[in-house]
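Structure first, commentary second.
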Amino acid sequence: MDDLKIIKGIKNKNEKYLRIFIDTYGPVMKASIYKVLTFNDNLRMEVLNEAVLAVWDNIGSFDPEKSSFKNWCAGVARYKAIDALRKEIRHKSVNLDEISNYLEDDDEIYLDNTDEILKVLDERDREIFRKLFIEGFSYDEVAKIYDISKENLYNRVSRGKKKIRKEIQNEKCL
């Protein structure tokens, strides 16, 4: 079907054209989302639904002089996926169950020994990890306690997680 008919149908809020739009451009939008969100099928489907709704609600902002309809739809999907990824990163914390999956092997290392896990970090980072993931402080509270920006705190935590994962992997290889 012609893009102009689909665009006009969506502008008129005709659900028949929404179905045609999804059949025609859904795979393109899905591919754009999958390139950004390589994990979590549920999140990808949620973002795809949000992207379709965004096209439906914002079809008036499509400008054929700036890009093709196909590229515009892919862009909407991509930006929705990037937003979801940012939100996921912002709210992600170390999941003790994930760490225990790394640790469970023949040596039967348990999470009871958190000092052993956190030994790869410097003292300040160990304190930060304890406050965030053991004592249950929020990122805002920890940022205030240590007088650092939340962005800096997220970076420190991210680097710390990488160090812990690397150390765990190295111990498994021994």
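None of the values given here were measured: they were computed from a predicted structure.
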Distance-only criterion, 3.5 Å: show the donor-acceptor pairs between side-chain atoms of residues 48-65 and protein atoms not counting sequence neighbours.
unit_1	atom_1	unit_2	atom_2	d
Asn49	ND2	Met45	O	3.4
Asn58	ND2	Ala54	O	2.9
Ser61	OG	Asn58	O	2.8
Asp63	OD1	Glu65	N	3.0

Give the C-alpha distance, both sets of side-chain angles, the deciding distance and a yes or no for side-chain contact (heavy atoms from CB on, under 4.5 Å) between Arg165 and Lys161.
CA-CA 6 Å; Arg165 286 187 194 112; Lys161 288 179 187 179; 3.9 Å; yes
Any side-chain heavy-atom pair of Asn14 and Tyr17 under 4.5 Å:
yes
Lys/Arg-Asp/Glu bridge criterion (N-O < 4.0 Å) met for Lys5, Asp2
no
Trace of the side-chain contact (heavy atoms from CB on, under 4.5 Å) decision for Arg19 with Ile22:
CA-CA 5 Å; Arg19 280 189 225 104; Ile22 292 171; 5.7 Å; no
Count the heavy atoms belonging to other residues, nucleotides or ligands that lie under 6.0 Å from NZ of Lys13, then report whether that count exceeds 12.
yes
Go through the structure and list residues passing side chain to side chain contact (heavy atoms under 4.5 Å, CB included) with Tyr79, not counting sequence neighbours.
Ile82
For the ring pair Phe21 and Tyr25, is the centre-to-centre distance below 6.0 Å?
yes
Closest heavy-atom pair and its distance - Ala81, Leu37
O-CD2, 3.8 Å
Evaluation steps, side-chain contact (heavy atoms from CB on, under 4.5 Å), between Ile33 and Lys80
CA-CA 8 Å; Ile33 292 166; Lys80 286 289 182 184; 5.9 Å; no
Kindly write out the residues that satisfy side chain to side chain contact (heavy atoms under 4.5 Å, CB included) with Asp140, not counting sequence neighbours, or none if the list is empty.
Ser138, Lys150
Side chain to side chain contact (heavy atoms under 4.5 Å, CB included) partners of Lys163, counting only residues at least two apart:
Val120, Leu121
I'd like to check Asp83 versus Lys87 (side-chain heavy atoms, cut-off strictly below 4.5 Å). Are they in contact?
no
Using only atom types and a distance under 3.5 Å, with no angle test, would you say the side chain of Thr24 pairs donor to acceptor with the backbone of Ile20?
yes
Quick check: do Ile164 and Phe129 have side-chain heavy atoms less than 4.5 Å from each other?
yes
Kindly give the heavy-atom pair with the smallest separation between Ala143 and Leu153, and that separation in Å.
N-CD2, 3.9 Å
Tell me whether Arg78 at atom CZ has more than 12 heavy atoms from other residues, nucleotides or ligands lying less than 6.0 Å away.
no
All N/O donor-acceptor pairs, side-chain side in residues 67-74, below 3.5 Å, sequence neighbours left out:
unit_1	atom_1	unit_2	atom_2	d
Ser68	OG	Asn71	N	3.2
Ser68	OG	Asn71	ND2	3.3

Near Glu123 CD, under 6.0 Å, is it more than 12 heavy atoms from other residues, nucleotides or ligands?
yes
May I ask you to check whether over 12 heavy atoms, not counting those of Lys131, lie within 6.0 Å of atom NZ?
yes
Which residues share a side chain to side chain contact (heavy atoms under 4.5 Å, CB included) with Arg124, sequence neighbours left out
Asp122, Ile128, Tyr146, Ile148, Arg156
